[in-house]
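One is the number of the first residue; the rest follow in order along the sequence. Hydrogens, waters and symmetry mates play no part in the numbers below; they use all other heavy atoms, side chains included.
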Amino acid sequence: MAHQCSCGGIHNNAELGIQYNLYKKIDIENTECLNECEEGSGATVFKSWENRLDRNKYVESDMDNELLFNIPFTGNIKLKGLIIIGGEDNFHPNKVKLYKNRPCMTFDDVTIEPEQEFELCVDTNGIHEYSPKVVKFSSVYHLSLHFTGIGRTDKIKIYYIGLKGEWLPLHQHGVTICTYELRPQMNDHLKESHEDIDRTIS
(Lines give C-alpha, C1' and ligand atoms only; values in the text may rest on other atoms or scores of the structure.)
Protein backbone atom coordinates (compact mmCIF):
# COMPACT_ATOMS: atom_id res chain seq x y z
CA MET A 1 0.00 0.00 0.00
CA ALA A 2 1.41 3.41 -0.99
CA HIS A 3 1.48 6.49 1.26
CA GLN A 4 2.53 10.07 0.75
CA CYS A 5 4.60 11.83 3.40
CA SER A 6 5.40 15.48 3.98
CA CYS A 7 8.40 15.30 1.64
CA GLY A 8 5.96 15.03 -1.24
CA GLY A 9 7.09 11.53 -2.22
CA ILE A 10 4.91 8.46 -2.51
CA HIS A 11 6.32 5.38 -0.79
CA ASN A 12 5.34 1.73 -0.95
CA ASN A 13 5.60 0.26 2.54
CA ALA A 14 4.78 -3.33 1.58
CA GLU A 15 8.42 -4.10 0.86
CA LEU A 16 9.89 -1.94 3.62
CA GLY A 17 8.67 -4.23 6.39
CA ILE A 18 10.84 -7.06 5.10
CA GLN A 19 13.91 -4.90 4.62
CA TYR A 20 13.96 -2.95 7.90
CA ASN A 21 15.16 -5.74 10.16
CA LEU A 22 18.64 -4.62 11.26
CA TYR A 23 17.27 -3.85 14.72
CA LYS A 24 17.80 -7.57 15.39
CA LYS A 25 21.54 -7.12 14.82
CA ILE A 26 22.01 -4.29 17.33
CA ASP A 27 23.89 -5.05 20.55
CA ILE A 28 20.99 -3.52 22.42
CA GLU A 29 22.42 -4.03 25.92
CA ASN A 30 25.41 -1.85 25.06
CA THR A 31 23.47 0.76 23.12
CA GLU A 32 23.43 4.18 24.77
CA CYS A 33 21.56 7.41 24.22
CA LEU A 34 23.04 10.58 25.65
CA ASN A 35 20.71 13.28 27.03
CA GLU A 36 17.71 10.94 27.26
CA CYS A 37 15.11 12.13 29.75
CA GLU A 38 14.41 8.63 31.05
CA GLU A 39 17.32 6.22 31.40
CA GLY A 40 17.15 3.32 28.96
CA SER A 41 14.39 4.84 26.85
CA GLY A 42 16.69 5.39 23.86
CA ALA A 43 17.01 1.65 23.23
CA THR A 44 13.23 1.27 22.94
CA VAL A 45 13.01 3.11 19.61
CA PHE A 46 14.68 0.22 17.78
CA LYS A 47 11.51 -1.75 17.10
CA SER A 48 10.16 -4.19 14.58
CA TRP A 49 8.51 -2.71 11.51
CA GLU A 50 5.11 -3.82 12.78
CA ASN A 51 5.59 -1.88 16.03
CA ARG A 52 7.05 1.30 14.55
CA LEU A 53 3.80 3.24 15.13
CA ASP A 54 3.66 2.29 18.82
CA ARG A 55 3.59 5.64 20.65
CA ASN A 56 4.01 4.07 24.10
CA LYS A 57 7.76 3.63 23.67
CA TYR A 58 9.86 6.65 22.78
CA VAL A 59 12.84 8.72 23.83
CA GLU A 60 12.70 12.39 24.75
CA SER A 61 15.65 14.71 25.24
CA ASP A 62 16.32 15.99 28.73
CA MET A 63 18.13 19.32 28.91
CA ASP A 64 17.87 20.62 25.33
CA ASN A 65 17.04 19.61 21.77
CA GLU A 66 19.82 17.08 21.18
CA LEU A 67 20.07 13.29 21.33
CA LEU A 68 23.16 11.22 20.61
CA PHE A 69 22.88 7.47 19.99
CA ASN A 70 25.87 5.11 20.17
CA ILE A 71 24.79 1.90 18.43
CA PRO A 72 27.09 -1.15 18.41
CA PHE A 73 26.24 -4.11 16.17
CA THR A 74 26.81 -7.82 16.63
CA GLY A 75 28.68 -7.91 13.31
CA ASN A 76 29.52 -5.69 10.36
CA ILE A 77 26.66 -4.07 8.48
CA LYS A 78 26.27 -2.36 5.14
CA LEU A 79 23.81 0.44 5.87
CA LYS A 80 21.41 1.08 3.00
CA GLY A 81 18.43 2.87 4.53
CA LEU A 82 17.25 4.92 7.50
CA ILE A 83 13.70 5.78 8.65
CA ILE A 84 12.89 8.18 11.48
CA ILE A 85 9.57 8.81 13.23
CA GLY A 86 9.93 11.92 15.35
CA GLY A 87 7.71 13.68 17.83
CA GLU A 88 4.74 15.87 17.14
CA ASP A 89 4.96 19.56 16.20
CA ASN A 90 8.09 21.22 17.64
CA PHE A 91 9.24 17.96 19.23
CA HIS A 92 10.31 16.65 15.83
CA PRO A 93 14.09 16.55 15.20
CA ASN A 94 15.26 18.71 12.34
CA LYS A 95 18.55 17.06 11.42
CA VAL A 96 20.58 13.89 11.94
CA LYS A 97 24.32 13.37 11.51
CA LEU A 98 25.71 9.88 10.91
CA TYR A 99 29.13 8.82 12.23
CA LYS A 100 30.75 5.50 11.39
CA ASN A 101 32.86 3.36 13.76
CA ARG A 102 33.41 5.96 16.52
CA PRO A 103 32.48 4.11 19.74
CA CYS A 104 31.69 6.09 22.89
CA MET A 105 31.03 9.41 21.17
CA THR A 106 29.99 12.34 23.38
CA PHE A 107 28.57 15.75 22.59
CA ASP A 108 32.12 17.08 22.60
CA ASP A 109 32.79 14.93 19.51
CA VAL A 110 29.88 16.02 17.31
CA THR A 111 31.87 18.93 15.88
CA ILE A 112 33.75 16.31 13.87
CA GLU A 113 32.58 16.16 10.27
CA PRO A 114 30.08 13.31 9.92
CA GLU A 115 30.13 10.71 7.17
CA GLN A 116 26.70 12.00 6.13
CA GLU A 117 23.96 14.37 7.25
CA PHE A 118 20.22 14.53 6.53
CA GLU A 119 17.57 17.20 6.93
CA LEU A 120 14.55 15.39 8.38
CA CYS A 121 10.97 15.71 7.18
CA VAL A 122 7.87 14.97 9.26
CA ASP A 123 6.96 11.32 8.65
CA THR A 124 4.24 10.07 10.99
CA ASN A 125 3.80 6.77 9.10
CA GLY A 126 7.48 5.82 9.10
CA ILE A 127 7.80 5.29 5.36
CA HIS A 128 10.20 8.00 4.17
CA GLU A 129 13.65 6.54 3.52
CA TYR A 130 16.95 8.36 3.83
CA SER A 131 19.64 6.73 1.74
CA PRO A 132 23.16 6.65 3.22
CA LYS A 133 26.05 6.47 0.77
CA VAL A 134 26.78 2.77 0.70
CA VAL A 135 30.45 3.36 -0.14
CA LYS A 136 30.82 5.18 3.19
CA PHE A 137 28.73 2.74 5.23
CA SER A 138 29.85 -0.60 3.80
CA SER A 139 31.66 -1.93 6.87
CA VAL A 140 30.02 -0.57 10.01
CA TYR A 141 30.39 -2.19 13.42
CA HIS A 142 29.30 0.94 15.31
CA LEU A 143 26.94 3.74 14.26
CA SER A 144 26.44 7.08 16.02
CA LEU A 145 23.39 9.24 15.28
CA HIS A 146 23.31 12.85 16.43
CA PHE A 147 19.82 14.40 16.31
CA THR A 148 19.12 18.10 16.75
CA GLY A 149 15.97 20.22 16.72
CA ILE A 150 15.34 23.63 15.28
CA GLY A 151 16.41 26.69 17.26
CA ARG A 152 13.10 27.35 19.01
CA THR A 153 12.66 23.73 20.10
CA ASP A 154 13.29 23.05 23.78
CA LYS A 155 13.18 19.25 23.43
CA ILE A 156 12.95 16.59 20.77
CA LYS A 157 11.25 13.21 20.76
CA ILE A 158 11.82 10.07 18.68
CA TYR A 159 9.46 7.10 18.41
CA TYR A 160 11.23 4.93 15.88
CA ILE A 161 14.62 4.48 14.21
CA GLY A 162 14.60 1.95 11.39
CA LEU A 163 17.76 0.59 9.79
CA LYS A 164 17.99 -1.30 6.51
CA GLY A 165 20.99 -3.13 5.11
CA GLU A 166 23.11 -6.26 5.11
CA TRP A 167 24.77 -7.98 8.07
CA LEU A 168 27.89 -10.13 8.25
CA PRO A 169 29.26 -11.82 11.40
CA LEU A 170 32.52 -10.58 12.86
CA HIS A 171 35.50 -12.74 12.08
CA GLN A 172 37.15 -14.11 15.21
CA HIS A 173 40.92 -14.49 14.91
CA GLY A 174 42.79 -16.67 17.36
CA VAL A 175 45.67 -15.15 19.29
CA THR A 176 49.09 -16.61 18.52
CA ILE A 177 51.67 -16.25 21.27
CA CYS A 178 55.27 -16.28 20.02
CA THR A 179 58.43 -16.23 22.12
CA TYR A 180 61.50 -14.72 20.52
CA GLU A 181 65.04 -15.26 21.79
CA LEU A 182 66.68 -11.88 21.91
CA ARG A 183 69.99 -13.17 23.30
CA PRO A 184 71.43 -16.69 22.96
CA GLN A 185 71.14 -18.67 26.18
CA MET A 186 74.44 -20.45 26.99
CA ASN A 187 72.72 -23.24 28.90
CA ASP A 188 70.76 -24.22 25.78
CA HIS A 189 73.88 -24.41 23.64
CA LEU A 190 75.87 -26.38 26.29
CA LYS A 191 73.03 -28.88 26.45
CA GLU A 192 73.08 -29.26 22.66
CA SER A 193 76.89 -29.78 22.71
CA HIS A 194 76.64 -32.55 25.32
CA GLU A 195 73.92 -34.28 23.31
CA ASP A 196 76.13 -34.20 20.20
CA ILE A 197 79.04 -35.73 22.12
CA ASP A 198 76.85 -38.47 23.53
CA ARG A 199 75.64 -39.36 20.05
CA THR A 200 79.23 -39.51 18.76
CA ILE A 201 80.39 -41.84 21.56
CA SER A 202 77.46 -44.17 21.14
Side-chain angles (χ1 to χ4, degrees), residues 19-49 51-52 54 56-87 91-120 123 126 129-150 153-172:
Q19 299 171 343
Y20 275 81
N21 58 6
L22 276 184
Y23 73 96
K24 297 177 182 178
K25 304 303 182 182
I26 295 174
D27 182 2
I28 203 68
E29 292 184 358
N30 291 308
T31 297
E32 65 174 353
C33 179
L34 305 186
N35 196 39
E36 58 186 5
C37 187
E38 181 181 344
E39 185 176 354
S41 59
T44 67
V45 303
F46 301 100
K47 313 169 187 176
S48 67
W49 175 259
N51 293 324
R52 74 189 188 284
D54 180 6
N56 294 316
K57 294 181 179 180
Y58 61 89
V59 60
E60 183 177 330
S61 61
D62 187 14
M63 302 299 295
D64 51 28
N65 60 358
E66 289 184 272
L67 287 168
L68 176 59
F69 289 84
N70 283 312
I71 310 162
F73 295 96
T74 59
N76 283 317
I77 69 161
K78 180 185 292 184
L79 185 63
K80 295 183 176 180
L82 178 69
I83 288 180
I84 306 295
I85 300 180
F91 283 90
H92 196 282
N94 183 52
K95 183 184 299 182
V96 61
K97 295 179 180 180
L98 284 67
Y99 297 89
K100 168 189 173 181
N101 297 342
R102 295 180 180 272
C104 305
M105 281 191 69
T106 69
F107 287 111
D108 292 333
D109 302 317
V110 296
T111 56
I112 300 170
E113 184 177 356
E115 271 67 35
Q116 197 162 354
E117 182 177 327
F118 294 106
E119 298 285 339
L120 301 177
D123 176 23
E129 290 189 279
Y130 303 93
S131 299
K133 298 175 181 176
V134 178
V135 67
K136 289 190 174 183
F137 295 94
S138 61
S139 183
V140 182
Y141 60 85
H142 186 281
L143 181 68
S144 296
L145 301 176
H146 177 222
F147 291 90
T148 54
I150 54 178
T153 304
D154 292 329
K155 292 188 176 185
I156 56 174
K157 185 185 293 185
I158 296 174
Y159 289 104
Y160 173 74
I161 298 178
L163 303 172
K164 178 180 76 172
E166 301 174 9
W167 176 86
L168 289 172
L170 290 172
H171 296 291
Q172 301 293 332

Any side-chain heavy-atom pair from [X] and [Y] closer than 4.5 angstrom?
{"X": "Phe91", "Y": "Ser61", "result": "no"}
{"X": "Leu143", "Y": "Phe137", "result": "yes"}
{"X": "Ile161", "Y": "Ile84", "result": "yes"}
{"X": "Leu163", "Y": "Ile26", "result": "yes"}
{"X": "Pro72", "Y": "Thr31", "result": "yes"}
{"X": "His146", "Y": "Val96", "result": "no"}
{"X": "Leu170", "Y": "Thr74", "result": "no"}
{"X": "Trp49", "Y": "Asn21", "result": "no"}

So does Glu39 have more than 12 non-hydrogen atoms from other groups sitting under 6.0 Å from CD? no
Parallel, tilted or perpendicular: rings of Phe118 and Tyr130 (30°, 60°):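 Taking Phe118 first and then Tyr130, their aromatic rings sit tilted (interplane angle of 30° to 60°).
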Rounded distance [0.5 Å steps], [atom1] in [X] versus [atom2] in [Y]:
{"X": "Phe69", "Y": "Phe147", "atom1": "CZ", "atom2": "CZ", "answer": "6.0 Å"}
{"X": "Thr44", "Y": "Ile28", "atom1": "OG1", "atom2": "CD1", "answer": "8.5 Å"}
{"X": "Ser138", "Y": "Lys133", "atom1": "OG", "atom2": "NZ", "answer": "13.5 Å"}
{"X": "Ser131", "Y": "Lys80", "atom1": "OG", "atom2": "NZ", "answer": "11.5 Å"}
{"X": "Leu79", "Y": "Lys136", "atom1": "CG", "atom2": "NZ", "answer": "13.0 Å"}
{"X": "Glu117", "Y": "Leu98", "atom1": "CD", "atom2": "CG", "answer": "9.5 Å"}

Residue pair Asn30 / Asp27, side-chain donor-acceptor N/O under 3.5 Å: yes
Minimum heavy-atom distance [X]-[Y], with the two atoms named:
{"X": "Gly42", "Y": "Cys33", "result": "CA-CB, 3.9 Å"}
{"X": "Ile77", "Y": "Phe73", "result": "CD1-CZ, 3.4 Å"}
{"X": "Tyr99", "Y": "Glu115", "result": "CA-OE1, 3.3 Å"}
{"X": "Glu36", "Y": "Val59", "result": "CB-CG2, 3.7 Å"}
{"X": "Ile158", "Y": "Pro93", "result": "CG1-CG, 4.2 Å"}
{"X": "Asp62", "Y": "Lys155", "result": "O-CE, 3.1 Å"}

Pro132 and its side-chain contact (heavy atoms from CB on, under 4.5 Å) partner, picked from Gln116, Lys100, Lys78: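 Among the candidates, only Gln116 passes.
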Between Arg52, Lys47, Lys164, which is the residue that forms a side-chain contact (heavy atoms from CB on, under 4.5 Å) with Tyr20?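 That would be Lys164; it is the only one of Arg52, Lys47, Lys164 passing the side-chain contact (heavy atoms from CB on, under 4.5 Å) with Tyr20.
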Using atom types as modelled and distance alone, determine if a side-chain donor or acceptor of [X] lies under 3.5 Å from a backbone N or O of [Y].
{"X": "Asn70", "Y": "Met105", "result": "yes"}
{"X": "Asn35", "Y": "Leu68", "result": "no"}
{"X": "Asn65", "Y": "Asp154", "result": "no"}

Assess whether ring pair (Phe, Tyr, Trp, His ring centres under 6.0 Å) is satisfied between Tyr58 and Tyr159, documenting all intermediate values. CA-CA 4 Å; Tyr58 61 89; Tyr159 289 104; 5.6 Å; yes
